[in-house]
Amino acid sequence: MKHFLRVLTQFFVFLYCKCLWRTLKFVIRKVTGRCELQRICYSNKPGARRTLKIESSLRFSKNELLQSAVSVHPDSVEKTIDDIMTLKKINPDTNPQLGISLQASLFQIVGYRNLVLEVEKLRREPYDCENAEHEEMLLKLWKALRPETPLTGRISKQWCEIGFQGSDPKTDFRGMGLLGLHNLLYFAEHDKAAALQVLHDSLQPKQSKMSKAEWEKKKFDKAIGYSFAIVGINITDLAYALLVSGALKTHLYNVAPEMPSLANFQQTFCYLMQEFHKFWTEEDPSDIMEFNRVRAKFHKRVLKQLKNPNMTLCPHFAASDLHLVNL
């Protein structure tokens with residue numbers, strides 16, 4: 001009985017709030033002479049704060065045109081904006097900036113959706129050792145991370161030197177498919193110095209805060225390093241989860257003027273790899289068995305940071321210098 005009353009109360013509260021909100025929106029429009037989309041665009045700077053509000057307004061609108069706007073094809077964005085302006089009876093000649101602002105935000109919204117689809121396609125594509133392009137990417141990864149060491153064979157224990165688990169890396173890509181390889185190669189090629197440094201540190205972490213004797217004892221007692229490639233695939237999974245959940249909208253809407261791209265996602269991965277490496281060192285885990293605990297804690301920290309709509313990664317990509325900044 002108590003459960004029924006609780007559900008009934010929640011229903012009436014929801015109904016009341018929904019009706020009240022509709023009434024408030026109507027009153028505010030009459031008083032200001034502006035619709036909700038106008039108020040959002042005129043009172044918020046370009047970026048995540050504005051685009052997230054526009055996305056919410058469109059998605060939860062009662063009008064089918066507005067609801068479907070968040071799912072249109074990129075080629076239809078301009079026409080959709082014209083249709084919205086007509087629906088809202090807004091004169092584009094007297095409100096030229098409104099159309100520009102709505103168009104930029106709608107490109108971000110549909111671009112994010114398309115990015116999710118593109119990333120998902122890569123994740124679902126398995127590594128195929130019979131595919132020449134896949135094999136070429138894998139060999140490029142080796143050359144980027146071990147430029148001075150020739151690979152003795154496609155199947156080789158040497159792969160363990162860059163953090164794969166066995167003689168054939170293809171088995172390690174099963175969880176994230178080609179997405180993991182794409183991200184690792186992007187990191188190694190586009191921020192080579194940082195990737196090499198993280199790889200080196202993962203094999204033999206720095207001793208800066210310990211004496212030689214302390215380091216030798218710690219090195220003997222603990223496995224404080226980790227497998228670079230395996231962690232990269234794991235951080236790819238973390239970045240993927242942030243993207244699919246929508247948490248990355250904050251960052252991507254702040255750094256991509258229009259449509260977020262795969263490069264934006266890969267740059268985010270590079271940032272996360274370096275930040276996780278720092279976090280792992282700060283956490284000082286007793287051994288690799290603590291990886292899941294450290295990863296979960298790191299994930300929570302990133303989620304908390306991304307809840308701030310003004311939070312973004314440094315827009316000028318140089319992964320060595322990336323850090324979260326509060327714009």
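Atoms considered below: every heavy atom in the structure, side chains included; atoms not considered: hydrogens, waters and symmetry mates. Each residue takes its place number in the sequence, starting with 1. Note that this is a predicted model, so its numbers are computed, not measured.
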Would you say Arg146's side chain and Leu141's backbone share a donor-acceptor pair under 3.5 angstrom? no
Salt-bridged, Glu125 to Lys121, with N to O below 4.0 Å? no
Please determine whether side-chain contact (heavy atoms from CB on, under 4.5 Å) holds for the pair Trp142 and Leu138, giving the CA-CA distance in whole Å, both sets of side-chain angles, and the decisive distance to 0.1 Å. CA-CA 7 Å; Trp142 173 266; Leu138 185 59; over 6 Å; no
Just so I know, are the side chains of Gln274 and Asp191 near enough to count as touching, which here means a heavy-atom distance under 4.5 Å? yes
Does Arg124 have more than 12 heavy atoms from other residues, nucleotides or ligands lying within 6.0 Å of its CZ? no
Common cluster, Tyr127/Ile230, ILVMFWY with side-chain heavy-atom separation under 4.5 Å: no
Shortest non-hydrogen pair, Gln108 vs Glu258, comes out as CG-O, 2.9 Å
Would you call Asp83 and Lys88 a salt bridge, taking side-chain N to carboxylate O under 4.0 Å as the test? no
Between Glu36 and Lys53, does the salt bridge (Lys or Arg N to Asp or Glu O under 4.0 Å) criterion hold? Intermediate values first, please. CA-CA 10 Å; Glu36 184 178 37; Lys53 288 182 178 181; over 6 Å; no
How many angstroms lie between CD1 in Ile155 and SG in Cys129, if you round to the nearest 0.5 Å? 7.5 Å
Which pair of non-hydrogen atoms, one from Thr80 and one from Ala69, has the smallest distance, and what is that distance? CG2-CB, 3.8 Å
If only atom types and distance count, is the side chain of Asn183 paired as donor or acceptor with the main-chain N or O of Ile233 below 3.5 Å? no
Report, as yes or no, whether the 6.0 Å neighbourhood of atom NZ on Lys192 holds more than 12 heavy atoms from other residues, nucleotides or ligands. yes
Quick one: are the ring centres of Tyr271 and Phe187 less than 6.0 Å apart? no
Determine whether a donor-acceptor pair (N or O, by modelled atom type, separation under 3.5 Å) exists between the side chain of Ser245 and the backbone of Ala241. yes
Indicate, with yes or no, if Leu98 and Ile100 share a hydrophobic cluster defined by side-chain heavy-atom contacts under 4.5 Å among Ile, Leu, Val, Met, Phe, Trp and Tyr. no
Got a donor-acceptor contact below 3.5 angstrom from the His299 side chain to the Arg295 backbone? no
Could you check whether any side-chain heavy atom of Tyr253 comes within less than 4.5 Å of a side-chain heavy atom of Thr312, counting everything from C-beta outward? no
So does Met176 get a backbone contact from the side chain of Arg123, meaning a donor-acceptor N/O pair under 3.5 Å? no
Might you confirm whether atom NZ of Lys249 has over 12 heavy atoms from other residues, nucleotides or ligands at distances under 6.0 Å? yes
Measure the CD-CG distance between Gln97 and Leu102 for me, rounded to the nearest 0.5 Å. 10.0 Å
Validation row: Phe291, Val231 side chains within 4.5 angstrom (heavy atoms): yes
Would you check if the side chain of Asn264 reaches a backbone N or O of Val255 as a donor-acceptor pair within less than 3.5 Å? no
Main-chain N/O of Asn44 paired to Arg50 side chain as donor or acceptor, under 3.5 Å: yes
Quick one: do Asp168 and Arg154 make a salt bridge, cutoff under 4.0 Å? yes
Return the minimal non-hydrogen interatomic distance between Gln158 and Gly153, and the atom names on each side. OE1-N, 4.4 Å
Please round to the nearest 0.5 Å and tell me the distance separating atom CD of Gln267 and atom CG of Leu252. 10.0 Å
Stepwise side-chain contact (heavy atoms from CB on, under 4.5 Å) test for Leu262 and Leu122: CA-CA 11 Å; Leu262 181 61; Leu122 285 174; 4.0 Å; yes
Answer yes or no: is there a side-chain heavy-atom contact under 4.5 Å between Ser71 and Val110? no
Are Gln67 and Ser61 linked by a side-chain donor-acceptor pair shorter than 3.5 Å? no
Check: Gln197/His277 side-chain N/O donor and acceptor closer than 3.5 Å: no
Met273 and Phe228, any side-chain heavy atoms less than 4.5 Å apart: yes
Quick check: do Asp201 and Tyr226 have side-chain heavy atoms less than 4.5 Å from each other? no
Might you work through the side-chain contact (heavy atoms from CB on, under 4.5 Å) test for Leu37 and Leu58, ending with a clear yes or no? CA-CA 9 Å; Leu37 291 174; Leu58 294 174; 4.2 Å; yes
Rounded distance (nearest 0.5 Å) linking atom NZ of Lys140 with atom NZ of Lys143: 9.0 Å
If you take all heavy atoms of Pro169 and Trp159, which pair is closest and at what distance? CG-CD2, 3.3 Å
Can you name the nearest heavy-atom pair linking Ile40 to Ser57, along with the distance? CD1-CB, 4.0 Å
Looking at Glu78, I'd like to know if its CD atom is crowded, meaning that more than 12 non-hydrogen atoms belonging to other residues, nucleotides or ligands lie closer than 6.0 Å. no
Are Phe173 and Phe164 near enough that their ring centres are under 6.0 Å apart? yes
Exercise: do Tyr112 and Glu55 side chains pair donor with acceptor under 3.5 Å: no
Ion pair present between Glu290 and Arg293, side-chain N to carboxylate O less than 4.0 angstrom? yes
Is there a side-chain contact between Val116 and Val119, using heavy atoms and a 4.5 Å cut-off? no
Begin with the C-alpha distance, continue with both residues' side-chain angles, and end with the deciding distance and a verdict on side-chain contact (heavy atoms from CB on, under 4.5 Å) for Leu66 and Leu87. CA-CA 9 Å; Leu66 299 181; Leu87 175 68; 4.0 Å; yes
Any sub-3.5 Å donor-acceptor pair from Arg174's side-chain atoms to Thr171's backbone N or O? yes
Counting only N and O atoms by type, is there a donor-acceptor contact under 3.5 Å from the side chain of Ser156 to the main-chain atoms of Thr152? no
Between Trp280 (side chain only) and Pro285 (backbone N and O only), is there a donor and an acceptor less than 3.5 Å apart? no
First locate atom CG of Leu272, then atom CG of Leu242, and finally report the distance between them rounded to the nearest 0.5 Å. 6.5 Å
Using every non-hydrogen atom in the two residues, find where Leu184 and Phe269 come nearest and quote the distance to one decimal. N-CE2, 4.0 Å
With a 4.5 Å limit on heavy-atom distance, are the side chains of Arg59 and Ser56 in contact? no
For the OG1 atom of Thr250 and the CG atom of Asn310, what is their distance to the nearest 0.5 Å? 9.5 Å
